[in-house]
Amino acid sequence: MAKQKEDRYRATLNLPKTDFPMKADLPKREPETLARWDREKLYARILEKSKGRPRFILHDGPPYANGHIHIGTAFNKILKDLVVKSHFMLGHYSPYIPGWDCHGLPIDLQVEQELGTDKEKISKLEYRRRCREHAQKYLNIQREEFRRLGCLGVWEKPYITMDYDYEATITREFRKLVERGFVYRGLKPVFWCASCQTALAEAEVEYADLTSPSIFVKFAIADDTPGLPPETRGKKVSLAIWTTTPWTLVANLAVCLHPDLDYVAVQIPNGEVLVMAEGLVLQGMAEMDIEGYQVLGPVSPRDLEKKTCRHPFLNRDSLIILGEHVTLEAGTGCVHTAPGHGQEDYEMGLKYGLETFSPVDDKGRFTSEAGYLVGEMVFKADAQVAAELQKSGALLKSRSISHSYPHCWRCGKPIVFRATPQWFIGMEKGDLRKKALAEIKKTRWIPAWGEDRISGMIQNRPDWCISRQRIWGVPIPAFYCLSCGEVRLEPALIEHVAGIYEARGADAWFELSASELLPPGTKCAKCGGDKFEKEKDILDVWFDSGSSFAAVCERRPELAYPVELYLEGSDQHRGWFHSSLLLSVGTRDRAPYAGVLTHGFTVDGEGKKMSKHLGNVIYPSEVIDKYGAEIVRLWVASEDYRDDIRISPEILERLAEAYRKIRNTFRFLLSNLYDFHPEKDSRPFTELPEIDRYLLHRLSEVEKRAVQSYREFNYYPVFHALHNFCVVDLSAFYLDILKDRLYTFPADSADRRSAQTVLYLVLENLLRLAAPILSFTAEEAWLALPSLPGREPSVHLALFPEPRPEWENPGLAETWEKLIAVRGEVLKALEKERKEKRLGNSLEARVILQPPAELKDLLSKYQPELRYLFITSAAEIGEVGSGEGFESPDLKGLRVRVQKAPGQKCERCWSVSEKVGQDSAHPTLCERCLVAIKKTLG
RNA sequence: GGGCCUAUAGCUCAGUUGGUUAGAGCGCCCGCCUGAUAAGCGUGAGGUCGGUAGUUCGAAUCUACCUAGGCCCA
């Protein structure tokens, strides 16, 4: 209590007081808050409280249960949390059920690698058990990582695609598609390892240099084919093609030209004519060692379309087709096309109705369809094909080259591209493509260009190949008759299997025999046989996650179908949005969502992709350890997610600074509310001083802006509005001016209580507005608010502030904005004096204003307020001679003179007054403080 | 190579239907205060709007091309 001499009156001031720490200590405090939320079952209470309100469902896109989360995953989850929390506070029922995608290749491959050669020793069932374990392990890890970010949701009961129930639903959704006739079996080329006798996924293929034959071959065409120049008449004309896989010529069905490239007919010394792309003549002739050739004239590729050429050594024709994939990079511009042996070839084959011809068996040997080459290994057949070409005179040139070629990552052998039977969902069946496109139009895409993007993809995509030759997934529930080979893919049988899955999961497919999986007494409809074999393929994982609207939204009582929003990165236009749309349209004739929001990808400070190689990777765990999850949340809220999202040490440092400013503002507000009881001390709005009402006007503007932005899923305007309000309106203006009133006026005076009324309202409302973003800090400050019965025990149980029309006062705002502009000029004048070393603290000053005509009335009217507004000891209206004082460059005609304020500095309030010393009992106090302490001391 | 998208001060963002010296906050420089103190306040300096060429009386804002970057295909 014993104050120093110069602090005699300190005890009579109402200085700020609070336990709310300036230092956030987020990495330490956040886990404590999370634990408390857990204990108090905060999320259950939120759901309970909002039950019955209009639903707003954000359906979670399941991340893949593999590895730790990265900064992009964190961004995505926090963005979802902003949507969900803000919609709760907007007055919705917005339950969030997180999910995980558990089946699929990445886990399958990882488990396979971990097993190494042990894979051969264990059963498929045991293998799947290990995959399940792996998925569960990472699901648990990621769940903790997501929770640590402060994201709320039903974490104890998420949806999991490997749950038995979910697996049964996948199978039932598949059944519906079968029922509706979307599913068919067809051929499609896949990577095939002849040594392992297995199909390979893209990820299982490694590229390495390989020496291959490089041959140029003639495909003869009639000399009177339209599109050829007249000079070719009577000559032997051929399309020249180039290939590095001669054996695939056996399966050649077409030669492809680019519709828009220039082609020419070239006569070579033996009198024959070759057709090739003009841009490749020079290079091609050199490679074929042909000299002395002569270009006869242009060839029109479009005229050649659907004409035929002659297979070089088999007794059949090949079709001439057009494709945009043809390039001038190598070869001749005429591309040998074997639909059974190449992806582009396959697609071109579909387009032109060619057979997916692939006369090669599992072991990489030609089948009888290949005629005399039957039984021959395809790579070994290269030489025989070359010999055949030589014999028929179609071989232009043969040499060998070294190039990059796909190899099996297990056995290291070169692989082949080979057509195998696969299961498909037909895009044209039941107008699937058309219906999907129509549904896209009805959906709200945020940003709007998402519509073009996904429409383009749906427009151009081939049929969906849904079969995968792996183990870790949901089996395709087809059966094959062992005696006649007939395929059985029937709704009733599928439904039977789905029923089994409910109790035992899809493992049952591997555990039970075909007869155990089929209803008793099932017989082959064709041959009457009763022995069946199970399909070996599983479903594409996109089928799993794409079924979530059925497995989750329709089945969880708190959710519904369709939902309001799907929200993921823009890669999901090809992924989850896409598969969900096709499955939902295929089974229910509508999109599963009313809206789809996409965000960009996280990149570094320069806008470059993050990679270990570049050393620019930022890990969420590191940011959390250094700054806290709150800063990650602030980052998510501060960036415009429509574009790529940048993150760098500098960005984080800036955000940490912005955070400190906001936190300190909260703290300062709290520290001046220690003796304020909202119920009994609040002053009526109409009796508040003008500046207080002006501040509430500003607050209502910020509220409107922020709430509107939340409604539109725009978060960075909220961040900017809150930050700017704290910095500009509060810290630099209102609070700075208010200190005098808060500290020096009697504690219970109307003036001080008015100020506190505003501070309380400002803080209480700012915390609500900040809560979705600064979930930890808003809660911490909320709990430090002066107590008020009936207030929600957590800020996350509160709603956003209601609009306050009575606070809005544009006329008042206009007046005060003018005063603030004058204030700015006065501050410049004061700063000028300070530079001249004539002034330190502004309270040493008296300012004299000479206003221009348009400000004269205003400033005269507010003259008594001005000294407080400027935080000087006096402010008067008067004459300032030209050339004297400070002339405002912005407010034309405003002149400001700064003088030393006359009198002495009051020991208590520090302002300078000529009336200091009037009372001999308090010789160091000014007139204002005399009044104040008499009230305070009684 | 194709589809979709992005490009305003060191950072995060504003810039209505093209029209006076392109704005805000932060950061930075310098200074003040010491009753928000690992705080608070103030002044100031920084962009010609990714580049080029057009349309126009006039463009950051419209068009074309180019460059850089991102996602998805190939």
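- A straight line from OH of Tyr734(A) to P of A36(B) spans 16 Å, rounded to a whole angstrom.
- Nearest to the side chain of Asp736(A), among G35(B), U43(B), G40(B), sits G40(B).
- When both pairing distances are held under 3.5 Å, U43(B) makes no Watson-Crick or G-U pair with any nucleotide shown.
- Close to G40(B), at under 4.0 Å from its OP1 or OP2, lies a side-chain N or O of Lys661(A).
- The partner of C33(B) is absent, by the rule that a Watson-Crick or G-U pair needs both atom distances under 3.5 Å.
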*Let me have a per-nucleotide readout for nucleotides 62-73 of chain B, 5' to 3', with B, S or -, counting only protein heavy atoms under 4.0 Å.*
-------SSBSS

*Full working for salt bridge (Lys or Arg N to Asp or Glu O under 4.0 Å) between Arg574(A) and Asp571(A)*: CA-CA 6 Å; Arg574(A) 165 72 50 183; Asp571(A) 56 333; over 6 Å; no

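- A sub-4.0 Å separation between OP1 or OP2 of C26(B) and a side-chain N or O of Tyr659(A) is absent.
- Note on Asp640(A): only backbone sugar-phosphate atoms sit closer than 4.0 angstrom, heavy atoms only; bases stay farther off.
- OP1 or OP2 of C32(B) sits under 4.0 Å from a side-chain N or O of Lys837(A).
- Partner assigned to C71(B) is G3(B), using Watson-Crick or G-U wobble distances below 3.5 angstrom.
- In this structure, of G40(B), C33(B), C30(B), it is G40(B) that holds the atom nearest to the side chain of Ser731(A).
- You'll find that the side chain of Glu650(A) is closest to C11(B), out of U37(B), U12(B), C11(B).
- For A36(B), its base never sits under 3.5 Å from the side chain of Thr18(A) at any donor and acceptor pair.
- To the nearest whole angstrom, the two C1' atoms, one in G15(B) and one in G25(B), are 15 Å apart.
- Distance noted for atom P between U48(B) and U21(B): 16 Å (whole Å).
- The side chain of His720(A) approaches C13(B) more closely than any other nucleotide in the set G35(B), U43(B), C13(B).
- G25(B) is paired with C11(B) under the criterion used here, namely a Watson-Crick or G-U wobble arrangement in which both key atom distances are under 3.5 Å.
- Looking at heavy-atom distances under 4.0 Å, Ser638(A) makes contact with sugar-phosphate atoms alone, never a base.
- Nucleotide U56(B) forms no Watson-Crick or G-U wobble pair with any nucleotide shown, as no partner meets the under 3.5 Å limit on both distances.
- Applying the 4.0 Å criterion to OP1 and OP2 of G44(B), one finds that Arg834(A) has every side-chain N and O outside that range.
- We find that CD of Glu831(A) is positioned 11 Å from P of C33(B), with the value rounded to whole Å.
- RNA chain B is contacted by both Tyr743(A) and Ile651(A); Ile651(A) maps to the nucleotide lying nearer its 5′ end (nearest heavy atom per residue).
- For the pair Leu722(A) CG and C13(B) P, the interatomic distance rounds to 16 Å; values are reported in whole Å.
- Remark: the backbone N or O of Leu869(A) is paired with a side-chain donor or acceptor of Arg823(A) at under 3.5 angstrom.
- Heavy atoms of other residues, nucleotides or ligands lying less than 6.0 angstrom from CZ of Arg838(A) number more than 12.
- Using a 4.0 Å heavy-atom criterion, one finds that Ala658(A) contacts no nucleic acid atom at all.
- Of the C1' atoms belonging to A59(B) and A22(B), the separation is 12 Å, rounded to the nearest Å.
- Nucleic acid contact for Arg908(A): base, since at least one base atom lies under 4.0 Å from a heavy atom of the residue.
- Using a 4.0 Å heavy-atom criterion, one finds that Leu13(A) contacts the bases of the nucleic acid, with or without backbone contacts as well.
- Nucleotide U17(B) is matched to nothing when pairs are restricted to Watson-Crick or G-U wobble geometry with both distances under 3.5 angstrom.
- C65(B): Watson-Crick or G-U partner is G51(B), with both key distances under 3.5 Å.
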